[in-house]
Amino acid sequence: MTGGGAVAYGDVGIELGARVAAALRRGLGVEITPAEAVIRPSTRDGVDYQCNAAMSLAKKVGKPPREVARSIVDNLDSADLVATTEVAGPGFVNIRLSDAWLAGRAAALLGDDRLGVDPVPDPRRYALDYSSPNVAKEMHVGHLRSTIIGDALLRLLRFAGHEVTPHNHVGDWGTPFGMLIEHLLDEGWTPDGGHSISDLNGFYQAARAKFDADPVFADRSRKRVVALQGGDEATLALWRRLVEESSRHFQKVYGMLGIELTPEDMYGESFYNPYLDDTIADLEAKGLTRVSDGAVCVFPPGFSNREGEPLPLIVRKGDGGYGYATTDLATARYWTGERGMTDLLYVVGTPQAQHFAMVFAASRMAGYLTDDHTAEHIGFGSILGEDGKTIRTRAGGSVKLVELLEDAVDNAAKTVAERSSLDADAQAAVARAVGIGAVKYADLSNDREKDYVFTWSRMLAKEGNTSVYLQYANARCHSVLAKSGTTPAADTEVLLGSPAERALALALLRLPAAVEAAATAYAPHKLCGYLYELATTFTAFYDGCPILKPDVPAEVRASRLVLTALTSAVLTRGLELLGIEAPREL
RNA sequence: GCCCCUGUAGCUCAGCGGAUAGAGCAGGAGCCUUCUAAGCUCUUGGCCGCAGGUUCGAGUCCUGCCAGGGGCACCA
């Protein structure tokens, strides 16, 4: 018996939970789900998993917790996978898996592309909003977290078995474009191209400066906004050039970061422009709007302003223009209505929490979100400098993403040059993998909702819980595998003769639980934590269990090579889910 | 004033209502004629902000307080 139904591998905890649930049904006539069996990995010596269900069930069943635990143990039909059980403390059931089952389960992972992770039985259709840079502005550290976290979630959710459509809510519309286009014309641009902007920030700042200093220019700019929004073709042509120019910059950054977003994923503010009037008309038709201080508003219940009065979501401003609330409502309506998505995710900083709460509330009032939909603001904290304040350059400006990434790669290159014996090209590739990986891992390994302090020393750290540690462990795997001159065969028997081997097999089987935890909580750091544990477990194995030494028996050597190959496969897959490269050699 | 988030080792952080709260960094002591020392082993270091409550059991849930951050009508 290896689990029930379609579940071929899955999570060991769920498997054990199912056995415990059966035992409770058999022994005490109690019905619980496998999850309610509260199976947790144990940190105690000689114990692999513990079941904590007995204590909470005691009252319901009317028996002392230890007696419930005793009943679980006595009725457990698990001779195939459990070696020993014991009732301990107030009513814990300590479980040690059988070596044979563990070995068999580990061996079965070889050649399994999904490494034991079953696709979710109930796939959802996600629309995932992330990155969201602004046209005509260089990407800065403020965009880093949304981009990295969003991309990791895209990979994680897809691997978990969901359908995910990313959409990049680029800031490509609004009043600033009047001045930007006028400035473009002053610079001699034509709609036909042949121009480029080497310094997007400089371009924006120059336009801004002229707007502030020159009333004539400011006036032209305002007229240009009207022309743009009125659909003037010549103006639109220039606007498109500006968007293209910026898009080139975004793609450069995405390329450096290894982000999967493409120009096809761009659903900028302008995209929703044609939907805005209709959305407002729809809200009005449903009687959800009220004019307040000249603005058309929706008042979702439960929100109040400084004076304790109802807080509006402004759908049409007093001057007739649209705010971001309008766009966000149209966005929700579009992705659920026209694209049939079931779950909307927005990877946007936590300061926007109230805004999204209001947009979701209004979307439910309008029926854009129903009981069949979920909408979630995937908030994240700010990146702080070492002074605990929002990170800035010494000059007080925002830190450019390109420069930050180049610094990270340069720094990695120095270390690579000191330690690597690879040729120059390969070293450059490794430096990119290590440098970019370090930036991403430093971000992803923290709980995304909290602010995190950015320090170069930690971001570029080569020790401890870092991406390099994982990459290094993986490279060691590949090194051994290459030296072995063989490829572990799928039917190789896995032998767990030492605690280190056993611990490694156990760790390898925990990928499904890690993926599930990370995907359901939209929390990549949970996967990071697991991968780091796996890597430390492997390193202990690597340290204590010779693989290729001459005195190692052939069957032990073959088994250890399987464990090594599996470790590499899990690390590589895990890093891929985080969007981090796993070079075969460092 | 109201709402949201955060407070865990010197620092940066994990911690799923469960047993003696874990990592990394920094500090201390060791380990390379041996598969990658970007590594390993050992070690020092905790009134989990404070006070109550719920629970068989609370860092975790509830209430109050303190401290820090953020948000609170036409910028997104």
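Naming convention: chains lettered A, B, ... in sequence-line order (proteins, then strands); numbering from 1 in each chain.
- By the neighbour-count criterion of 12 heavy atoms within 6.0 Å, atom CZ of A/R584 is sparsely surrounded, having that number or fewer from other residues, nucleotides or ligands.
- By the 6.0 Å contact criterion, CG on A/D551 is enclosed, its count of non-hydrogen atoms from other residues, nucleotides or ligands being greater than 12.
- Side-chain N/O atoms of A/D543 and base N/O atoms of B/A37 include no donor-acceptor pair closer than 3.5 Å.
- At the heavy-atom level, A/P351 lies under 4.0 Å from the strands shown only through sugar-phosphate atoms.
- Contact annotation for A/A295: base contact, defined as any heavy-atom pair under 4.0 Å involving a base atom.
- Per the geometry, CG belonging to A/N411 stands 16 Å off P belonging to B/A38, to the nearest Å.
- Proximity of the aromatic rings of A/Y204 and A/F211 is defined here by a centroid distance below 6.0 angstrom, and this criterion is not met.
- For A/K526, the listed nucleotide lying nearest its side chain is B/G15; candidates were B/G15, B/A73, B/C2.
- Salt-bridge annotation for A/E533 and A/R510: present, with a side-chain N of the basic residue lying under 4.0 Å from a carboxylate O of the acidic one.
- Across the C1' atoms, B/A14 and B/C48 are found 13 Å apart, a figure rounded to whole Å.
- Atom-to-atom, CZ of A/F541 to P of B/C35 comes out at 15 Å; the value is rounded to the nearest Å.
- For the C1' atoms, the distance from B/G45 to B/G24 is 14 Å, rounded to whole Å.
- Within residues 463-484 of chain A, the residues that place at least one heavy atom under 4.0 Å from RNA chain B are, in residue-number order, A/E463, A/G464, A/N465, A/V468, A/Y469, A/Y472, A/A475, A/R476, A/S479, A/V480, A/K483.
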Inset, instruction - Would you mind building the protein contact string for nucleotides 6-12 of chain B? One character per nucleotide, 5' to 3', B for base within reach (heavy atoms under 4.0 Å), S for sugar-phosphate only, - for untouched. - result: SS----S

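- At the heavy-atom level, A/H355 lies nowhere under 4.0 Å from the strands shown.
- If you check distances only, the side chain of A/E269 never reaches the base of B/A76 with a donor-acceptor pair under 3.5 Å.
- Nucleotides B/C32 and B/A37, compared at atom C1', are 7 Å apart to the nearest Å.
- One can place CZ of A/F92 at 4 Å from C1' of B/G18, the figure rounded to the nearest angstrom.
- Ring pair A/Y130/A/H169: centre-to-centre distance not below 6.0 Å.
- Mapping A/A88 and A/G321 onto RNA chain B by nearest heavy atom places A/A88 at the nucleotide closer to the 5' end.
- The interatomic distance linking A/I95 (CD1) with B/A19 (P) rounds to 16 Å, in whole Å.
- Looking at A/R40, its side chain comes within 3.5 Å of the base of B/C16 through a donor and an acceptor atom.
- Taking atom CG on A/L311 and atom P on B/C3, their separation rounds to 14 Å, with Å as the unit.
- Comparing the same atom, P, in B/A67 and in B/A26 gives a spacing of 35 Å after rounding to whole Å.
- The nearest whole Å value for the distance from the OH atom in A/Y324 to the P atom in B/A76 is 9 Å.
- As judged by a 4.0 angstrom heavy-atom cut-off over every strand, A/G308 is placed among residues making no nucleic acid contact.
- When heavy atoms are screened at a 4.0 angstrom cut-off, A/E533 is found touching no nucleic acid atom at all.
- Taking all atoms of both residues into account, the shortest heavy-atom contact from A/I39 to A/C51 is CD1-CB, 3.7 Å.
- Phosphate proximity of B/A38 to A/R419: present, with a side-chain N or O under 4.0 Å from OP1 or OP2.
- When distances are taken from the side chain of A/I547 to each of B/C72, B/U36, B/C35, the shortest belongs to B/C35.
- Nearest nucleotide to the A/Q354 side chain, out of B/C72, B/A76, B/C40: B/C72.
- Residue A/Y49 contributes atom OH, which lies 18 Å from atom C1' of B/A19 at whole-angstrom precision.
- Classification of the A/Y324-A/H355 ring pair by plane angle, with boundaries at 30° and 60°, yields parallel.
- For RNA chain B, none of the residues of residues 434-444 of chain A falls under the heavy-atom distance limit of 4.0 Å.
- Note: A/Y334 and A/F271 meet the aromatic proximity criterion, with ring centroids under 6.0 Å apart.
- Nucleotides B/G15 and B/U20 place their C1' atoms 15 Å apart, quoted to the nearest Å.
- In RNA chain B, runs of at least 3 consecutive Watson-Crick or G-U pairs, each pair with both distances below 3.5 Å, span B:1-7 with B:66-72, B:10-13 with B:22-25, B:27-31 with B:39-43, B:49-53 with B:61-65.
- Under 4.0 Å is where a charged nitrogen must lie from a carboxylate oxygen, and between A/K414 and A/D410 no such pair does.
- Place A/Y322 and A/A535 on RNA chain B by their nearest nucleotides, and A/A535 ends up nearer the 5' end.
- Contacts of A/N94 with the nucleic acid, taken as non-hydrogen atoms under 4.0 Å apart, include base atoms.
- For A/R557, the salt bridge (Lys or Arg N to Asp or Glu O under 4.0 Å) test picks out no residue, with sequence neighbours left out.
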Listed pairs, N/O of protein and of nucleotides 54-62 of chain B, under 3.5 Å:
from  : atom 1 : to    : atom 2 : distance (Å)
B/C56 : OP1    : A/K59 : NZ     : 2.6

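- The nearest whole Å value for the distance from the CD atom in A/E418 to the C1' atom in B/A37 is 14 Å.
- Taking the six-membered ring for Trp and thresholds of 30 and 60 degrees, A/Y267 and A/H167 have ring planes more than 60 degrees apart, a perpendicular arrangement.
- Both tests do not hold together for A/R316 against A/Y322: distance to the six-membered ring centre under 6.0 Å, angle to the ring axis within 45°.
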